[in-house]
Amino acid sequence: MRLTRSLVPTLREEPADAEALSHKLMLRAGLVRQLAAGIYVWLPLGQRVLDKVNHIIREEMNAIGGQEITMPVLHPAEIWQESGRWNAIGGEMFRLKDRNDREMCLGMTHEEVIAWLAAREIRSYRDLPQIWYQIQTKERDEARPRSGVLRTREFLMKDSYTLDPDEAALDRSYAAHEQAYRRIFDRCGLRYHVVESDVGMMGGFGAHEFMAPSAAGEDEIAMCDGCGYAANVELARGVPAPPEFPAWTREDVPTPNVRTIAEVSALLKIDPRLTIKSLLYIAPKAGPVLALVRGDHDLHERKLARAIGEEMRTAHPDEVRQHLGAPVGSVGPIDARVTVLADEHLQSGTYVVGANREGHHVRGVVPGRDFQARFVDLHTVTAGEACTTCGTALRVERVIEIGNIFKLGTKFSVPMRAMYLDETGKERPIVMGSYGIGPARIAASAIEQLADADGIVWPWSIAPFPVHIVLVSLRDQAQVAAAQEIYAACAARGLDALLDDRDERPGVKFKDADLLGMPVRVTVGNALAKEGVVEVRDRRTRQDQRVPKDGVVAAVEALRPPRNPAGSRS
RNA sequence: CGGGGUGUGGCGCAGCCUGGUAGCGCACCUGCUUUGGGAGCAGGGGGCCGGAGGUUCAAAUCCUCUCACCCCGACCA
């Protein structure tokens with residue numbers, strides 16, 4: 001591709017409304033442009049990256065027996081009503097009506113279509129197992145699109161679905177996907193971790209996420225270097241170090257004008273770990289629920305939601321007063337006439353809690369003796385807590401979710417009547433799995449993980465072009481001819497090259513080459529006339545070699561990493 | 001949905017407080033010089049100042065409403 005005839009609008013300055021590194025670089029390198037919040041145009045170079053990623057995905061999906069299909073983006077409401085998600089999903093689904101006033105929606109995911117298709121086409125155990133996948137646009141009206149292409153309202157997703165006769169077969173399909181995903185992310189040159197993840201409110205038999213470490217990520221994972229335990233913090237458990245408990249006797253202490261844990265512990269001159277934080281939530285069915293965590297801990301709301309079995313919201317200040325008889329800063333579990341859930345690590349010890357009387361706390365409170373509660377895991381794990389299985393200190397890392405795998409079970413096949421007849425002629429529901437990968441997130445993660453101060457550093461496997469030829473001076477006919485020759489020689493060997501044939505100053509071309517981040521830069525310049533050589537530079541290491549122009553292809557190929565460049569795994 | 005911020009040529013910004021000819025850098029066009037890390041000089045083109053109302057002799061500037069975008073949080077099947 002010749003730069004003079006291409007749409008590669010690089011930007012010298014940082015766009016004002018980009019925050020994440022990958023977002024800035026994708027805009028500056030001319031990979032994407034934003035049409036509206038969370039809606040992007042993919043420009044030629046960005047499109048080539050997606051194409052490369054998708055090609056890898058197709059190879060690995062096909063290798064485990066995946067069959068590519070294409071499902072509609074526009075869905076009739078009926079299938080979503082049958083599965084029960086039409087009402088279960090809120091504002092995140094784009095809904096519309098056709099000209100005949102029929103309700104429709106835009107597909108956020110395709111379990112319903114798969115179940116619909118399976119219900120019609122799968123009849124016998126002989127038809128199973130199946131793996132169906134597509135690479136298709138998804139539409140989700142995200143509450144807050146952010147970080148460039150990392151969270152958008154319209155995005156490409158590779159989604160696959162497995163159909164199996166039973167759970168043992170599902171386990172095999174699931175394992176095959178996990179292996180395929182590892183190969184895909186390895187080939188894309190990413191560092192990633194595979195972690196246990198929340199199955200969500202829809203239930204399911206297990207789920208894992210593939211997480212690429214990056215400061216731009218929206219998720220956090222906890223990892224144990226001792227035994228390999230790794231989980232999303234939505235799920236991760238850890239054992240916090242207990243404080244030293246003083247020999248308190250239970251007594252009321254006045255705490256005027258004190259609202260926060262920090263204020264309580266400062267006033268009483270105690271370690272915040274000796275306090276209990278009491279938070280009131282309101283759940284639709286369960287009603288008011290008081291959640292307790294140690295003073296220095298954060299409650300993880302998803303853990304609480306899992307514990308009570310439904311989504312809840314924080315109580316308003318007047319609701320707190322109504323249910324507990326005290327303002328927010330003075331509430332606690334003693335004599336509270338609401339359901340009390342306490343973090344499991346509060347089962348022992350003696351604490352300071354709110355007295356449910358304005359301006360008062362109680363010191364020397366022993367959970368189990370002074371109040372009753374259901375003890376469950378509620379606190380958000382923090383770095384340094386001990387691993388529950390081996391005791392090693394946990395690490396917590398910020399990550400981008402690049403893929404997930406999910407054992408659905410019969411959540412969709414039962415309501416949508418996707419059944420088959422087993423060997424004995426008995427009708428059974430198909431056991432499903434669902435598996436996603438975000439190609440745009442792979443691209444952004446690669447940028448996040450590999451970029452340097454000068455710009456993007458693409459892994460070979462997903463670079464828009466492996467070779468970037470910089471033609472330094474258009475006035476030197478020998479340079480022009482040599483650049484053309486090298487360009488043609490690369491093409492002849494299947495190496496796509498980007499040729500910078502613009503009439504720009506060398507500095508501009510070098511800066512753009514660094515920004516665009518192709519793995520190899522070939523500079524055709526002065527050295528050609530003087531010494532008959534061109535320079536072949538590795539973008540990542542910045543190592544230069546001077547080679548005769550006939551040796552460029554060999555030099556480029558020597559720089560190419562072996563087929564499966566190792567990404568780090570866990 | 002709650003909180004905060006920003007909207008002024010393609011990009012990045014100043015001007016707004018204290019109303020009075022719409023500016024700067026980069027990019028773009030022309031010419032000359034220059035040509036290995038974002039060139040220099042000279043000349044030039046391009047902006048309903050997000051939108052709608054209002055106040056005023058006069059509004060980018062003040063007031064009201066509204067829209068868009070960004071950030072933090074909530075949500076994320």
Selection [range] - residue pairs positive for salt bridge (charged side-chain N to carboxylate O under 4.0 Å, His left out), sequence neighbours left out:
range: residues 518-527 of chain A; value: A/Asp514-A/Arg521
range: residues 106-117 of chain A; value: A/Arg85-A/Glu111, A/Arg85-A/Glu112
range: residues 16-27 of chain A; value: A/Glu14-A/Lys24

Matching residue for A/Val536 among A/Thr523, A/Asp544, A/Leu559 - test: side chain to side chain contact (heavy atoms under 4.5 Å, CB included):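 Output: one option passes, namely A/Leu559.
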
Are OP1 or OP2 of [N] and a side-chain N or O of [X] less than 4.0 angstrom apart?
X: A/Arg302; N: B/A74; answer: no
X: A/Arg146; N: B/C70; answer: no
X: A/Gln479; N: B/G36; answer: no
X: A/Arg12; N: B/C26; answer: no

Going by side chain to side chain contact (heavy atoms under 4.5 Å, CB included), name the residues that satisfy it together with [X], two or more places apart in sequence or in a different chain.
X: A/Arg546; result: A/Ala527, A/Glu531, A/Val533, A/Glu535
X: A/Asp452; result: A/Asp454, A/Val457, A/Arg539, A/Arg542
X: A/Trp116; result: A/Ile79, A/Arg120, A/Met416

Which residues in residues 429-443 of chain A have at least one heavy atom lying under 4.0 Å from any atom of RNA chain B?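 Result for residues 429-443 of chain A: none.
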
The correct set of residues in residues 533-552 of chain A placing a heavy atom under 4.0 Å from RNA chain B is A/Glu535, A/Arg537

Over all strands shown, is [X] touching base, sugar-phosphate only, or nothing at heavy-atom distances under 4.0 angstrom?
X: A/Arg151; result: base
X: A/Arg521; result: base
X: A/Arg28; result: base
X: A/Thr10; result: nothing
X: A/Thr314; result: nothing
X: A/Glu218; result: nothing
X: A/Ala527; result: base

Any strand, both distances under 3.5 Å, Watson-Crick or G-U wobble: B/C65 pairs with B/G51

Pairs under 3.5 angstrom only: tabulate donor-acceptor contacts from the side chains of residues 499-510 of chain A to other protein residues two or more places apart or in another chain.
from: A/Asp500; atom 1: OD1; to: A/Arg502; atom 2: N; distance (Å): 3.2
from: A/Asp500; atom 1: OD1; to: A/Arg502; atom 2: NE; distance (Å): 2.9
from: A/Asp500; atom 1: OD2; to: A/Arg502; atom 2: NH2; distance (Å): 3.0
from: A/Asp501; atom 1: OD1; to: A/Leu3; atom 2: N; distance (Å): 3.3
from: A/Asp501; atom 1: OD1; to: A/Thr4; atom 2: N; distance (Å): 3.0
from: A/Asp501; atom 1: OD1; to: A/Thr4; atom 2: OG1; distance (Å): 3.1
from: A/Asp501; atom 1: OD2; to: A/Thr4; atom 2: OG1; distance (Å): 2.8
from: A/Arg502; atom 1: NH1; to: A/Asp512; atom 2: OD2; distance (Å): 3.2
from: A/Arg502; atom 1: NH2; to: A/Asp512; atom 2: OD2; distance (Å): 3.0
from: A/Lys509; atom 1: NZ; to: A/Leu471; atom 2: O; distance (Å): 2.6
from: A/Lys509; atom 1: NZ; to: A/Asp500; atom 2: O; distance (Å): 3.2
from: A/Lys509; atom 1: NZ; to: A/Arg502; atom 2: O; distance (Å): 2.5

On a whole-Å scale, what distance lies between the P atoms belonging to B/U61 and B/G50?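 Going atom to atom, P in each nucleotide, I get 8 Å.
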
Under a 4.0 Å heavy-atom criterion, the protein footprint on nucleotides 7-13 of chain B, written with B, S and -, is ----BSS

Closest listed nucleotide, where the reference is the side chain of A/Arg144 and the choices are B/A74, B/G37, B/G38: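 Selected nucleotide: B/A74.
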
Ignoring hydrogens and geometry beyond distance, is a side-chain donor-acceptor pair present between A/Glu154 and A/Tyr40 at under 3.5 Å?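 No donor-acceptor contact under 3.5 Å links the two side chains.
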
Ignoring hydrogens and angles, state whether a donor on the side chain of A/His110 or A/Gln134 is under 3.5 Å from an acceptor on the partner side chain.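 Per modelled atom types, A/His110 and A/Gln134 side chains form a pair under 3.5 Å.
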
I'd like a table of atom pairs between the protein and nucleotides 40-43 of chain B - only N or O on both sides, under 3.5 Å - with the distance next to each one.
none

Honestly, is A/Arg95 close enough over A/Trp80, meaning NZ or CZ under 6.0 Å from the six-membered ring centre and within 45° of the axis? no

Those residues at least two apart in sequence (or on a different chain) that pass ring-ring contact (aromatic ring centres under 6.0 Å, His included) with A/Phe210 are A/Tyr181, A/Phe185

